[in-house]
Amino acid sequence: MKKLNLENSNQRDILGAQLWELDISFDKSIFSNCLDQLNQELENKNLLVRPKVWLSDDWFCPDSISGIAIPFTLMHPRLIALERQYIGHVEGETHDWFMKLMRHECGHVMDNAYFLKDEQRRKSIFGDHDKRYPNSYTPKVFSKNYVYHLEDHYAQAHPEEDFAETFATWLTPRSNWRNIYENWPALTKLKYVDSQMKSLRGKKPNVVCYKEVDSIEESTLTVAEYLQLKKKRLRKQSLTRRSLKHIESYLNDNSTTGTDLRVVLKNNRQKLIRNIALKTNTYQYKIDSVVKDLENITSVKKLYIPNERGTQNLEKLLLSHTKKFFTEGRDRIIM
């Protein structure tokens, strides 16, 4: 059946198309050279694994598979624009970001290809891969036990992600990991990966399985349905749906008689963070996250505080938001 040419189609036709109908492919995308780059990096390390890629609805590497699923929305500028319009961002939309994700998923591919997960020293260093994946996690921002590769301190999410992030850091050309992580406990993990990968030089994978799991070629979802489902998953974190009842008494809905909360927060930021951290016995970096959250909300909802009060009740407002922020687990990263 004829595929839908995205260049000559209007937005309504694209949104109404089922995923398998889209005339897209990795080889025709702006990221087509990224697999060659990844393979070259592996070849430079004398590693024989060569991951396959296919198009799906998210980034992942299935258990036992020697390949990487890539979101189909990255395969054409019009799909990238649609996801940005509906979701607000597109994971992996720049070359460097795309390569970071490829190297991370390649860490999982290495696990699958050589059965690395059950090695006892690996477990003692990274933890047990059989540990249940959490629904969310709270990163320790200043922890030196983990590398920092993908955003949100993703290495802290689970032992398998810790290994994949460490492998990605090790594989990245000119990452200078020995110096950057010098005197960090994370260096032990990097040295372990370095030693393990050296032992695999020139060694054929124990298994090679290129099955395409959840390929868009099998999907009858339309582009619109995909975007709506993804938006629904993210809705709990949506700024426009956040309740403000806990700080209503401190706000003014009249911009004429009120002061823009963003301006007040900006002008008093460091003092507020320091004072709230002391009052709540909380690290300043955590209060910084609370302030950023409030700044993001007010940038969307245009919040004001009464002029006559100025900054008088600002600390009370922030204290109330701090309590709600941590009670709702807003400091946790949703998996």
Side-chain angles (χ1 to χ4, degrees), residues 87-91 94 96-97 100 104 134-158 161-162 165 169 180-181 183-186 234-252 258-306 309-335:
I87 308 301
H89 69 280
V90 188
E91 188 178 24
T94 66
D96 288 347
W97 193 359
K100 281 188 173 184
H104 171 92
N135 293 322
S136 63
Y137 66 98
T138 305
K140 297 178 175 64
V141 177
F142 296 116
S143 175
K144 294 185 176 183
N145 292 317
Y146 306 88
V147 299
Y148 189 81
H149 178 68
L150 294 177
E151 61 185 12
D152 292 333
H153 302 271
Y154 194 48
Q156 300 184 36
H158 187 273
E161 306 307 336
D162 191 7
E165 286 288 84
T169 301
I180 289 176
Y181 293 98
N183 298 323
W184 284 40
L234 299 173
R235 190 172 292 166
K236 286 185 178 180
Q237 294 176 294
S238 171
L239 297 173
T240 59
R241 295 171 61 89
R242 298 278 292 278
S243 170
L244 299 178
K245 288 184 179 179
H246 62 295
I247 56 174
E248 275 181 348
S249 62
Y250 305 108
L251 299 176
N252 186 333
T259 303
D260 190 331
L261 182 57
R262 288 178 301 172
V263 175
V264 182
L265 286 171
K266 180 179 179 181
N267 293 339
N268 297 274
R269 203 172 199 287
Q270 292 307 314
K271 181 180 178 181
L272 281 169
I273 290 173
R274 184 173 61 252
N275 289 349
I276 300 300
L278 285 171
K279 288 183 177 181
T280 59
N281 194 27
T282 305
Y283 288 116
Q284 288 191 27
Y285 79 84
K286 290 189 174 184
I287 303 302
D288 182 68
S289 297
V290 177
V291 175
K292 285 179 180 175
D293 182 65
L294 192 54
E295 288 172 336
N296 289 335
I297 293 174
T298 191
S299 69
V300 172
K301 294 198 172 188
K302 310 300 180 188
L303 305 181
Y304 301 89
I305 59 173
R309 295 182 188 176
T311 60
Q312 181 180 354
N313 284 342
L314 192 57
E315 280 195 14
K316 292 181 180 178
L317 181 154
L318 189 55
L319 273 170
S320 180
H321 191 64
T322 298
K323 181 178 179 181
K324 188 172 180 63
F325 182 84
F326 291 115
T327 299
E328 292 183 345
R330 298 285 173 181
D331 57 322
R332 299 181 66 80
I333 307 298
I334 306 300
M335 295 286 284

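Because the structure is a prediction, the values reported are computed rather than measured. Just so it is clear, the values below take in all heavy atoms, side chains as well, and ignore hydrogens, waters and symmetry mates.
Applying the side chain to side chain contact (heavy atoms under 4.5 Å, CB included) test to Tyr148 and every residue at least two apart in sequence or in another chain returns Glu151, His153, Tyr181. Residues satisfying the side chain to side chain donor-acceptor pair (under 3.5 Å) criterion with Glu295, sequence neighbours excluded, are Arg269. Every residue was checked against the salt bridge (Lys or Arg N to Asp or Glu O under 4.0 Å) condition with Glu91, not counting sequence neighbours, and none meets it. The side chain to side chain donor-acceptor pair (under 3.5 Å) test applied to Lys144 returns no partner, not counting sequence neighbours. For the side chain to side chain contact (heavy atoms under 4.5 Å, CB included) test, residues two or more places apart in sequence or in another chain that qualify with Lys323 are Thr327. Partners of His104 according to the ring pair (Phe, Tyr, Trp, His ring centres under 6.0 Å) rule, which considers only residues two or more places apart in sequence or in another chain, are His108, Tyr154. A search for side chain to side chain donor-acceptor pair (under 3.5 Å) contacts involving Lys324 returns Glu328, not counting sequence neighbours.
Among residues at least two apart or in separate chains, salt bridge (charged side-chain N to carboxylate O under 4.0 Å, His left out) pairs with a member in residues 273-285 are Lys279-Glu315. For residues 266-289, the pairs satisfying ring-ring contact (aromatic ring centres under 6.0 Å, His included) are Phe142-Tyr285, Tyr283-Tyr285, with sequence neighbours left out.
Asn296 contributes a side-chain N or O that, together with a main-chain N or O of Lys292, makes up a donor-acceptor pair within less than 3.5 Å. Between the side chain of Thr169 and the backbone N or O of His149, no donor-acceptor pair lies under 3.5 Å. In this structure, the side chain of His158 does not engage the main chain of Pro134 through any donor-acceptor pair within 3.5 Å.
Atom-to-atom distance recorded for Leu318:CG and Leu272:CG is 5.5 Å, nearest 0.5 angstrom. Here the straight-line distance linking atom NZ of Lys286 with atom CD of Gln284 works out to 13.0 Å at 0.5 Å rounding.
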